[in-house]
There are 4 protein chains.
Amino acid sequence: MVVRISISRNRRCSDEEDICHNRWHPDIKPAAEVEPGEEVVLETRDAFDGQITDAPSVDDVVRADLGVVHPLTGPIYVKGAEPGDVLAVHILDITPDEFGFTVNVPGFGFLRDVFRDPYKIRWRISGFYAESPDLPNVRVPGAPFMGTIGVAPSRELLTKWRSREDEVAKKGGYVLPPDPRGAVPRREPIASEGLRTIPPRENGGNLDIKDLAPGSILYLPVFVKGALFSAGDAHFAQGNGEVCGTAIEMRASLRVKFEVVKDGMRRLGVTRPVFKPSPLVERFRNYFCLGGFNFHNAEDATQAARDAVLNMVSVLEGVGLNRYQAYLLFSVVGDLKLSQVVDVPNYTVSSCLPLDVFTKPIQLPV
Amino acid sequence: MVVRISISRNRRCSDEEDICHNRWHPDIKPAAEVEPGEEVVLETRDAFDGQITDAPSVDDVVRADLGVVHPLTGPIYVKGAEPGDVLAVHILDITPDEFGFTVNVPGFGFLRDVFRDPYKIRWRISGFYAESPDLPNVRVPGAPFMGTIGVAPSRELLTKWRSREDEVAKKGGYVLPPDPRGAVPRREPIASEGLRTIPPRENGGNLDIKDLAPGSILYLPVFVKGALFSAGDAHFAQGNGEVCGTAIEMRASLRVKFEVVKDGMRRLGVTRPVFKPSPLVERFRNYFCLGGFNFHNAEDATQAARDAVLNMVSVLEGVGLNRYQAYLLFSVVGDLKLSQVVDVPNYTVSSCLPLDVFTKPIQLPV
Amino acid sequence: MVVRISISRNRRCSDEEDICHNRWHPDIKPAAEVEPGEEVVLETRDAFDGQITDAPSVDDVVRADLGVVHPLTGPIYVKGAEPGDVLAVHILDITPDEFGFTVNVPGFGFLRDVFRDPYKIRWRISGFYAESPDLPNVRVPGAPFMGTIGVAPSRELLTKWRSREDEVAKKGGYVLPPDPRGAVPRREPIASEGLRTIPPRENGGNLDIKDLAPGSILYLPVFVKGALFSAGDAHFAQGNGEVCGTAIEMRASLRVKFEVVKDGMRRLGVTRPVFKPSPLVERFRNYFCLGGFNFHNAEDATQAARDAVLNMVSVLEGVGLNRYQAYLLFSVVGDLKLSQVVDVPNYTVSSCLPLDVFTKPIQLPV
Amino acid sequence: MVVRISISRNRRCSDEEDICHNRWHPDIKPAAEVEPGEEVVLETRDAFDGQITDAPSVDDVVRADLGVVHPLTGPIYVKGAEPGDVLAVHILDITPDEFGFTVNVPGFGFLRDVFRDPYKIRWRISGFYAESPDLPNVRVPGAPFMGTIGVAPSRELLTKWRSREDEVAKKGGYVLPPDPRGAVPRREPIASEGLRTIPPRENGGNLDIKDLAPGSILYLPVFVKGALFSAGDAHFAQGNGEVCGTAIEMRASLRVKFEVVKDGMRRLGVTRPVFKPSPLVERFRNYFCLGGFNFHNAEDATQAARDAVLNMVSVLEGVGLNRYQAYLLFSVVGDLKLSQVVDVPNYTVSSCLPLDVFTKPIQLPV
């Protein structure tokens, strides 16, 4: 017996409040109840809830209502799970949709000050590979995973995280506070209190960790009775970094089963997401890399990463991609690695691009 | 015909100024001249120039003269290389020594505010693996590379980098300015002007990139006639991050050959280190990972990395390692990955430990 | 537009003659016509056409009508393909069913003289992994492929292959001649003339090559107009050797697209199956192997392979599997490698078992 | 303390009888005694004992005295090892020489009836890679291992194996009987009784298993007191099959240590070589393969392998290699896999060539 939560492709999350939500809140009603060990299939919406279309125009990107990000299927009430336990989420399978997209949303992304324009790459997913008319001679093998996957916060955590993020905002940080516009569920006080799903937190959420492909196990602390597990925002492929802010975004179907580790938070010391990576992820062998550095601020990994991406974009421009293609392609398949974080004052962040994705030879320096 | 530069194991860098230096400066005399395509074998000293011994005491760590870091073998004058060219360095082989060490030097390392004590793990290297009496039940497969590998800066760059680092220091950054104490060569003005080798720069240098194992190719911009290539500070194994500041440090023997790409800086856009990673590096399959976050500062990869390491150390303490063993082991085999740098305000840096290094089963959460 | 050929799960191949056949013959009518580049999804039956059930009893194995092996979905007429061309079959995706089985059919299999009893292992496939109540503590990751995949022979080849196999049979070889019993299509002369699908031939057919997982490309010579491509007999996982004669057999859904290489047989020299293996296949890292030898006959790879399997079965008995479990498990995940075929008179065939499939530690010699 | 057995490069095995032998016999005197756990470095000769030179002429191949094949360094007496025990041989490291060769010796090799001429490819080994003036645009990464590695037979086994091979010879098999010509040691009765090292046997010997690269562990049954371990015939690289009869042959230096598993033959069921493969071996990602079949004899893996190699040679001829280059290259890097040994009457042996070895693009069908 497999529990299946199906979505209607032509409806929006707000049309199916009983199985979909886009805020984190402990009072959202479960979409289903399952036993540990039982398999569950969750059909999931894409991160933009269907707003991005297969048309070449970027009008949809410009007009996208970001208040609806990320529609999540669930929550699932796992019987026997109680605060203090750990929920082991076995990622059994992720079936991709046939359409995917990568977009640059102005004002969002790692290099949003540099890449200010809307941009869109539409992907045709044929099982193992994705290809795009907007990025010729590139073929990306998939290693799908759920960008957003997590459990409900407790009421205490809701308050605590809210305060923590207010503090960050006060320091000038880029924080999206709770906002009832676009919120699902729409009823109050959830719509006004519910935390936005953009940042990852101790409950998981928008982890965007590419290692969570099929075969992986994600361990999450349980903060409320039943754990209240939800997932959405599937990615067909993503590099470490997801630099432009999106991966190959798609609808998908997630198959999972749960185990409950009693008192796991204390016994195992799991107070945040812990995981066993998927054996599926390492697909590439032929990389081109360059070292990025933070020459102008001491011990700043963010700047070193920025340098690594900017230089990679320049290299890709040299082989015929436009700057946005380069940036988005790196977001989808490129990896950022913290090569060293000790050689003061400069850190080394390497940006690595798998040349295997090019179906026609390109003339890179290496 | 292979050119070979041999060192005397019982002498120090300062005893062999004709083949060893520990500062970057354009006026250091070549140790040898080679043709492109010619093979060169460089015997190299460890990063501390032999100061760290195989004795269990950490007195040597405490008393270490850091002014002599890093003794480099070279420079090699590559015929035909001129400013504006690119030097392709083919890493043909690296033969490890039998002794290696990993140390925590107080005041140095990614978490130097937390790990304040001297600590030492001595390694016995038996070809493919390293093992240590100071870290029982652990066996580390090697993928050796040169921590420090680079070419000489021009006089202009020397000045420019000096200014740049002064700026960083003025902002409170951790910068080691030129210092004649311990400098090799000892003659002035090189000793006082020569740049310290601690940070990596556009000329390569202390890159600490683990992908530069045998089979890799490193492309470096050429800033002076002959390129003046040097290398040292070999690592038998290192994780992405090298968090405690040292890897498995050792003497070694590097075999390289060079190609000169004329006008490569302009033609290829190579103005900093670019590389083709070694196919040797990916050895592990069975990882345990956890997500690190920057909850208290927006968009701060450094803090997220810090969180990832601190939490991994806690996990390892839970399985019987002491905190220093945990920190040093992670430095040697653990990887930091920038999983995402876009989900504002929180970044996700994953810390991943290969469980394959444990020769006796340990009881990790995953 | 994706062409889809759907099967009825509760019907047999003989109930759907328009889309299913189990003999090779040039006169079988196409189930569909497609253009090169067009995607096609073929739902496929298992090798035994549904005769093997999820019940524990082996009665179904004993009573199985082997005349219906292997039901193939198709043929697909590829427009523009003509004799002398090469058909490039891009394996885009294979979606597994939830039920799989591995059986030992008396009188069949590499060691049929030793393993004479019927045996069955039923698998539950949950996306990435298969598990079985009949083989506890084992979990097999999938790398699905079509066991049988090929194109129609020409009339000339039908005759030629028939003669060739008659010759082999005359020498005492194990050959299954054409047999109208169970044949689909049932109409004559196809039923009586059609070649059995058991052996692979120049047209592909029952290749049982595990490398043909998603992402692979199979190149087949074209012998008739339209190529007449068919596939079936999907395997969720199989070792090199498939020693017991079955893999993890299942229904599945294959997504493919075709390219036609004009005059490819002559131009490329492709007169038999050629392939680019899937990057998906290498999943395992932790193997146990032993060397098998042909001590009693010179230069006999078959005997060396036999020795390698028999010894592996003994080793697995030593860790608690019964002999049939051991033999079937090796068929599903174990690899036979021709380590050397030159050291006269003894060849070395290594049998290698991935220990990664055991979910509880076992006590192997290594 | 490392025990080291050094050879004189300009002398022959027969000049150093105290540390070298080329026959298997229980009465050969140990070259050294070691404790379990102690590291031993064995310098080893190439398989032809230096007869093959770096000169382009094949005269040395034609005139080679095959009676001296394979000079082995040893034997090593391992303290505490007794008949019935198992000797675990930890392959710690193998340091290649700078010169290697691959030859076709008339009358030897898998396809000796087809490839009847002497041929030689000389390799220049630069650490990680080998390249050859005799095979332009090819670069082979190394994964060195000892082709011949084993322990002494008991007197009973000597007699038994002798009889067994006589039986095979009587059936017309290609067997090399004991032969005092070229034998080391030269003293009788060892020279006349000692078994030739060409075939592998239960004691290991000429296993030619490429998985025995550094990091592997080889388990051998112990037949005499002290085990009497020997090794030689190092290969820098070899494919599964070693079809032309030689790999990249070289002098080398092997570092090993031993463990003795008391009563291991009975307790573990190890009565022949068992091994844990090296994690070093899988280097390649980009393969081209074709299926080989035994169309003319039922269930004959040898013929299917032959078909697979012959067809691969034809394909390689199509891209500009001559037939001998193709055959020798496949011997060095190509793999033979027993894809299936059940689909009667035809087996499928796939021959797979890693395209990664070509440094200039070639135009293969795939």
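First the proteins, then the strands, lettered A, B, ... as listed; each starts at 1. These numbers come from the heavy atoms of this one structure, side chains and all, not from hydrogens, waters or symmetry mates. None of these values were measured; they are calculated from a predicted model.
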**Student:** Which bit of C:E202 comes within less than 4.5 Å of chain D, counting heavy atoms only: side chain, backbone, both or neither?
**Tutor:**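 Its backbone and side chain both get close to chain D.
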**Student:** Relative to chain D, which of C:G172, C:A88, C:A169, C:G245 shows the most heavy atom pairs under 4.5 Å?
**Tutor:**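 Of the options given, most contacts go to C:G245.
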**Student:** Please rank C:E167, C:Q303, C:E299 by heavy-atom pairs under 4.5 Å with chain D and give me the top one.
**Tutor:**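 Most heavy-atom pairs within the cutoff with chain D belong to C:E299.
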**Student:** Given that the side chain runs from C-beta out, which part of D:R201 has a heavy atom under 4.5 Å from chain C: side chain, backbone, both or neither?
**Tutor:**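 D:R201 touches chain C through backbone and side-chain heavy atoms alike.
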**Student:** What part of C:S350 lies closer than 4.5 angstrom to a heavy atom of chain D: side chain, backbone, both or neither?
**Tutor:**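 Answer is side chain: those atoms of C:S350 sit under 4.5 Å from chain D.
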**Student:** Between C:R272 and D:D307, does at least one N-O distance fall below 4.0 Å, as a salt bridge requires?
**Tutor:**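 Looking at D:D307 together with C:R272, the answer is yes, because their closest N to O distance falls below 4.0 Å.
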**Student:** Between C:V341, C:L290, C:L207, which shows the greatest number of heavy-atom pairs under 4.5 Å with chain D?
**Tutor:**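 Most heavy-atom pairs under 4.5 Å with chain D: C:V341.
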**Student:** When heavy-atom pairs shorter than 4.5 Å are enumerated against chain D, which of C:P345, C:G173, C:C352 gives the highest number?
**Tutor:**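 The residue among C:P345, C:G173, C:C352 with the greatest pair count is C:P345.
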**Student:** Between C:V175, C:T246, C:N206, which residue shows the highest count of heavy-atom pairs closer than 4.5 Å to chain D?
**Tutor:**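 Top option by heavy-atom pairs under 4.5 Å: C:N206.
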**Student:** Regarding C:D166 and C:R162, does a basic nitrogen lie under 4.0 Å from an acidic carboxylate oxygen?
**Tutor:**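 Result for this pair is yes, salt bridge flagged.
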**Student:** So for D:N311, is it side chain, backbone, both, or neither that comes closer than 4.5 Å to the heavy atoms of chain C?
**Tutor:**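 Only the side chain of D:N311 comes within 4.5 Å of chain C.
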**Student:** Decide yes or no for D:F108 and D:F115: does some side-chain heavy atom of the first lie under 4.5 Å from some side-chain heavy atom of the second?
**Tutor:**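 No, every pair of side-chain atoms sits at 4.5 Å or beyond.
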**Student:** Given heavy-atom pairs under 4.5 angstrom as the criterion, report whether the side chain, backbone, both or neither of D:V349 touches chain C.
**Tutor:**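 Interface part for D:V349: side chain.
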